[in-house]
Structures are given as C-alpha cells and as structure tokens.
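Read through the structure below, which is laid out as structure tokens, and then see the notes.
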Amino acid sequence: MKKFEEGKFDIVVVGAGHAGCEAALVCARLGFKTAILTLNLDSIAFMACNPSIGGTAKGHLVREIDALGGEMAKNADKTALQIRILNEGKGEAVQSLRCQCDKNAYHREMKRTLENTQNLSILQGECKKILTKAGKVCGVETTYGGVLKCRAAIIATGVYLNAQTITGEVKQKSGPSGFAPANALTSNLIKLGFNVRRFKTGTPARLDSRSINFERCVRQCGEENVPAFSFLNATAPENVRECYITYTNKNTHDIILNNLDRAPLYNGSITSSGPRYCPSIETKVVRFADKERHQLFLEPEGADTNEIYVQGLSTSMPHDVQKQMYRSVEGLENCEIMRYAYAIEYDCIDTLDILPTLEFKKIGNLYTAGQINGTSGYEEAAAQGLIAGINASFKLMKKPPLILGRDEAYIGVLIDDLVTKGTEEPYRMMTSRAEYSLVLRHDTADFRLTPKIMDTLLFDEARKLSYLTRKSAFECSIDELNKKAPYDKLKEFAGEFSLAGGIQGATYADLIRRGAKCVDIRQFFGILQNVSREIVKTAEATVKYAGYITKMQTAIERAKKMEQKVLPEDINYNEINGLRLEAREKLERVRPVTLGQAGRIYGVNPADVTVLMVWLATSRKK
C-alpha cells in the first residue's frame, strides 16, 4: 500500500476513549499541535458499560483529574442525571461523589469539546504501526497508508485491540456495543518490545424501562446540597432521574447453576483474566454460594432513551438463559431486553514495561494510558490519559515530568501500583489501596494538586479564581474554628448537646474533636455563615482528624526519604551480593527508579531493601 503524509504534529494520540480524550485535550491546551486518531468518531468518550462517573475511590480520581486541568469532571456535571455522595455515613476518607450520566449526551459534549479545542485535530482511522527512528517515536501509520508524523505518541486503545465479544456459544470479532475492533496494532507492539497479554471484562443487559415494574423495586433518589464534580462549578447539577434497587433470588441462582455448562466462564470458552472486583453474576453465584441474593441497581442510560442498565447482573450466558435469568428478578418479571449482555476479551500490555511517567521503557516518547495498561473503569483511564499527556508535553518542553507520589494523589497510587506491582487482572482503584487515604480526601484534591500546574497554561483564569477563592475560604474557616468560643454560650451549648467534661477555654475545633457537629456549632454560635457547605465540611474534617493527619505526615516524610534515594539506571542486580534470587529477578524486571519503589515490588522484602541501601552507600563512597 502506498504511504502518504497525513500531517505533521507534535503529539499523536491513538484512541478517543476516556484516556485518549484527556491526553489529547491536555496536550493541545499546553500548546502542542495534537492529533487524535479514533476508529470511529461516534465512539468518542463512549460509555460502553455503566454510564456513571465516580464512586468509591473513583470519585477521588475524577476530582484529581479536575484539579490538574482535566475534562472528565466538567463533562460529568454537564450531563448528569443524578448525583450523590457515597459512604456519607462513614469516615470522610472514604466518601466520594458519584453521578449517573446521560450516555449519549456525555459522548456529544466531549466530542464537541474536542472539536472546539485549539491545536487539536480529529481523524477517523485505524492505527497500524508506531513508527520509530533512533529509538524514538517519529510517527503513526494508519491501515490506509496515512502517516501522521510526530515527536511523541500516546497509545490509548481501550478494549479494542483484537477485541472479541462472547455470549454463550457465539464469539464475534467486535469491539464494545458492535463497534469495529482494532486488529492491526498488536503485532507492531510486540515487535516494539511490549509484553502483550489477554484480559476480559463484561457488561450486563439493557432493558426497556416500560417493561419494568418499578413499584416492586426500591427507589434511590439523588441528593441535594452536594458539591459538583468540578471545582470550577459552584453548584451541583440537578437530579432529574431516579434509580432503583432490586435483588436476585434462589430462582435466579438455580437458573444460572443449571446452565453452568453453557457459561463461557465455566466451559473453557473464556480463558483470559477477568475483573476480581466486578465479577459476572455466574461468578458471584458460584463463589458466594451461601448468599441468598445479590443486589442489583436499575439505572437510566439517558434522558432520551428507555434503556435501563442493570448493574450487578453482568453475564456472558446465552441469550435464552439471560432472558430466564433477568425475568426471575423481582420487578423484571415481564422485562424486555433491548441489548443482551456479553463478555469482551482484548489485548493489553504488561505495565512493568512502562515508567512512572507512563513512557515505554524501550522506545522514547511513546506513552500508554487506559485499559491497554490493564486497568478497568473510565476514571482510571482518564487519570492515566491526563498524566501521559502532561508528561509527553513536559518532555517536549524539556521540563521535569509530573510523577505523583502515593501520599499526593490517588492517581499516584494507581500509577505506582501499575508500574511497580503490575496487574494480573483488570485493575480497579479502591480506597483500601491508598495507605494515606485520610490526606487524599476528594474534597482536598485542588489544594493538593492544582499548585502543580500553576506554571502552565492549564492554570487559566477560571481555575485560578476557583482555587484562590476556595483556598482563602478554607484557611479563614480553619482560623475561625481555632478561636475560643464565648464561655457563656459554651455552657449552654454543652448542655444542649450533652458534651461531658470541662469546657472552659475550648475552641470550636476542640468541640468538634469531642464529638460536636460543625453544622450545630455553625448554627448555635453564628460562625462561618458565608462559607460554602463543602468548605465547612473540609475544615471540619481537617480539625477533627488533625492528630491522625500529623501522625500520617510523619510516616509520609519517612517514606519520602526512601523515594529520594535514586537507583542508577545501569544497575546490575545480579551482581549485588546478598540479594535473594527472587528479588534479583523482580528488580531486573521492574527496574525501579528509587529505593522506595524497589521496596514496593512483590517479591522484594525489607532485607533486600537493606542490601540495596548498603550497596548504594558503598557505591557512592567508591
């Protein structure tokens, strides 16, 4: 096939899912001539699974993306059908936003944003090769022979690489929701030196809302007085739709168990690794045989469609079994299936092949982001896309890369887990993965991360105003809470709210640490009257957990000392006496950047880290 020059760019992004969109937008906004190559313009920011954004830990990622100048939070606010805060009855560290979005509107709004962003070109086509010269990226070639010359490339191909959908006995070469797969690139990635593996995920059926008896289900409404996802928006979007809860039952489980021989997950049709934390219903029924029922959420796909997403009932069973299974659930007795559930297999890479910047170790200026890195979820993908875009841009600027620590962001935890530990199954972000979750609360994301983009074009006037206004309000609130409360009113307050012990000289912060609610203090003493509800909650959590946060900061400083000990790039672990064989193999495979990273590798124990510390000290003396 004859090659021709499609165009000259600074950066080319391959793929326009949630990772690709964030990567392309940030590169263009940082002033680089950028192209985004997608198999189909109709699949830009497509929500192949649940059209929701956020959730436990994932909501943290979205607000961090926003704090760093990304788009996902703004797009979620524009297209939200319902918004809530999860875990509000639990500790502040695990609370996070979640919104049900309009699937089609989300795609349209993101596509419109891409189309109207300066420096950004959109092209429909399939990537065939990543072109290199002298060990660096020099272009991207399409299956039609077009060459997009560039200085850097970001691969964000999602679940499309050699994608195959599986439903019962039927296997089809297809991407999600009937979109075409990308069959040309995998062989090129292998030639470039990537280790490629095969993962699986899946999605439930979509039902016609008119065929569901919602009166037999539990209504789940949105919440008022919650913050917007984006720090740039003062108020949250309106709640315009409701969700519902129902449950599987013994009949549902019997249908599944009686048809396990036809289940691809159990008859050998599927051999790839699936997600541990979002399993199919057949996996849940087999694995948790003692459970009498499993919770299901009925969630709208959009304002302009009758389609209802059935969260919790993902499956790859044959269509006839699916129909029986869904109709056995209370409220779904007469349901009509509009789209059947399916599993999808796809190629992805071993993330031990990439650096903490998300750059490929063997090819300069080549980055990967999203589900090609073995993750699951729109939020994880968008976070990686943003960081890959920032680091590709910073490298072309000759600026130091942006590498977020585990103590700085959930994004830092996500990427460190991928490049240090790797993943043998689709990775999902959870609050339990973050050892410093108390200082990584979703409401403090802009305070933690926005300063990191202040010297870039991402820190525009709107973000500057939002950041400075919120920061000033927060600092003033902390100062106010640390003031002593008037003694005469203190006695009255202590009696009304049953506070035990001495109160003389107590500050408002002392009252909070003794169990008083800031909302009661605010109303009773008349303080913080012109401060937003979210800032008041942030200030309350900060003073309430001040002692724990101080202890955590001490642990963070101790860990940072290990992160500051940089390991030489050319170190030969096989020549270091005292390292165990397993440790040598793992260290050679990962090639950690710092001593701290080395200590987090599976198979490297504290004794091995001590050996490395001694070796480093001896090497410096020599």
Side-chain angles (χ1 to χ4, degrees), residues 53-54 59-70 72-78 80 82-99 221-239 409 438-451 453-454 459-483 485 507-509 511-513 516-546 549:
I53 295 294
H60 292 70
L61 289 174
V62 179
R63 298 204 98 188
E64 290 177 354
I65 290 165
D66 186 69
L68 290 168
M72 176 170 270
K74 290 187 283 185
N75 211 54
D77 285 342
K78 289 179 189 176
Q82 184 195 92
I83 189 163
R84 302 170 60 237
I85 281 194
L86 303 188
N87 298 324
E88 197 160 23
K90 299 181 180 179
E92 283 80 358
V94 297
Q95 295 175 13
S96 54
L97 284 164
R98 181 192 187 274
C99 75
C221 300
E223 296 176 1
E224 305 299 328
N225 298 317
V226 299
F229 254 123
S230 176
F231 293 109
L232 301 185
N233 295 329
T235 57
E238 288 184 36
N239 293 300
L438 195 55
V439 297
L440 301 182
R441 303 192 313 272
H442 77 108
D443 54 315
T444 64
D446 57 339
F447 301 154
R448 290 183 277 115
L449 300 178
T450 298
I453 60 167
M454 279 184 174
F459 192 62
D460 57 18
E461 285 302 314
R463 192 159 299 280
K464 180 179 180 180
L465 177 62
S466 165
Y467 173 74
L468 294 179
T469 301
R470 278 176 44 83
K471 189 169 185 291
S472 175
F474 170 71
E475 291 172 348
C476 290
S477 298
I478 293 293
D479 290 342
E480 187 73 16
L481 290 176
N482 282 324
K483 289 179 180 177
T507 64
Y508 300 115
L511 299 180
I512 290 171
R513 284 189 281 268
K517 300 292 185 185
C518 197
V519 63
D520 296 326
I521 295 171
R522 191 181 186 189
Q523 184 176 356
F524 190 90
F525 293 96
I527 64 170
L528 306 176
Q529 292 301 297
N530 297 316
V531 183
S532 71
R533 186 172 183 267
E534 185 179 22
I535 289 294
V536 171
K537 287 189 69 176
T538 300
E540 179 181 21
T542 301
V543 299
K544 180 179 179 181
Y545 297 111
I549 291 171

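These numbers were taken from a predicted model, which means no experiment stands behind them.
Side-chain atoms of Ser477 and Thr542, non-hydrogen and from C-beta on, never get closer than 4.5 Å to each other. Counting only heavy atoms from C-beta outward, the side chains of Asp443 and Lys537 never approach each other to under 4.5 Å. Counting heavy atoms from C-beta outward, Met72 and Leu61 have side chains that stay 4.5 Å or more apart.
For Cys221, the side chain to side chain contact (heavy atoms under 4.5 Å, CB included) partners at least two apart in sequence or on another chain are Arg219, Glu242. By the side chain to side chain donor-acceptor pair (under 3.5 Å) test, Asp460 is found to be paired with no residue, residues two or more places apart in sequence or in another chain being considered. Taking the salt bridge (charged side-chain N to carboxylate O under 4.0 Å, His left out) definition, one finds that Arg463 meets it with Asp66, sequence neighbours left out. Residues that satisfy the side chain to side chain contact (heavy atoms under 4.5 Å, CB included) test with Ala93, not counting sequence neighbours, are Ser437, Leu438. Residues passing the side chain to side chain donor-acceptor pair (under 3.5 Å) test with Thr507, sequence neighbours excluded: Asp510. Partners of Lys544 under the side chain to side chain contact (heavy atoms under 4.5 Å, CB included) rule, at least two apart in sequence or in another chain, are Glu92, Ile512. Applying the salt bridge (charged side-chain N to carboxylate O under 4.0 Å, His left out) test to Lys90 and every residue at least two apart in sequence or in another chain returns nothing. Among residues two or more places apart in sequence or in another chain, the side chain to side chain contact (heavy atoms under 4.5 Å, CB included) test is passed with Glu480 by Lys483, Ile527, Leu528. For the ring-ring contact (aromatic ring centres under 6.0 Å, His included) test, no residue two or more places apart in sequence or in another chain qualifies with Tyr467. Listed by chain and number, the residues in a ring-ring contact (aromatic ring centres under 6.0 Å, His included) with Phe447 are Phe474 (sequence neighbours excluded).
Note on residues 519-535: pairs passing salt bridge (Lys or Arg N to Asp or Glu O under 4.0 Å), not counting sequence neighbours, are Arg63-Glu534, Arg470-Glu534. Pairs of residues two or more places apart, or lying in two chains, never qualify as salt bridge (Lys or Arg N to Asp or Glu O under 4.0 Å) while including a residue from residues 223-238.
Side-chain N or O atoms of Gln95 include one that pairs as donor or acceptor with a backbone N or O of Glu88 at under 3.5 Å. With hydrogens and angles disregarded, no donor-acceptor distance shorter than 3.5 Å links the side chain of Asp77 to the backbone of Ala228.
The structure places CZ of Arg513 at 11.5 Å from CD of Glu540, a figure rounded to the nearest 0.5 Å. In this structure, CD1 in Ile535 is found 10.5 Å from SG in Cys476, a value given to the nearest 0.5 Å. Rounding to the nearest 0.5 Å places CZ of Arg84 at 10.5 Å from OG of Ser96.
Here the closest non-hydrogen pair linking Arg448 and Ala409 is NH1-CA, 3.6 Å. Taking all atoms of both residues into account, the shortest heavy-atom contact from Ile85 to Pro227 is CD1-CD, 4.0 Å. Heavy-atom minimum distance, Ala445 versus Ala67: O-CB, 3.5 Å. Closest approach of Phe229 to Gly54, counting heavy atoms only: CZ-CA, 3.8 Å. Residues Leu232 and Lys74 come closest through the heavy atom pair CD1-CD, 4.0 Å. When every heavy atom of Asn87 is checked against every heavy atom of Val94, the shortest pair comes out as ND2-O, 3.0 Å.
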Practice task
Using the side-chain contact (heavy atoms from CB on, under 4.5 Å) rule, take Phe524 and Leu511 through it: C-alpha gap first, then chi angles, then the decisive distance, then the call.
Solution key: CA-CA 12 Å; Phe524 190 90; Leu511 299 180; over 6 Å; no
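The side-chain contact (heavy atoms from CB on, under 4.5 Å) test with Leu68 singles out one residue from Leu449, Asp446, Thr450, and that residue is Leu449.
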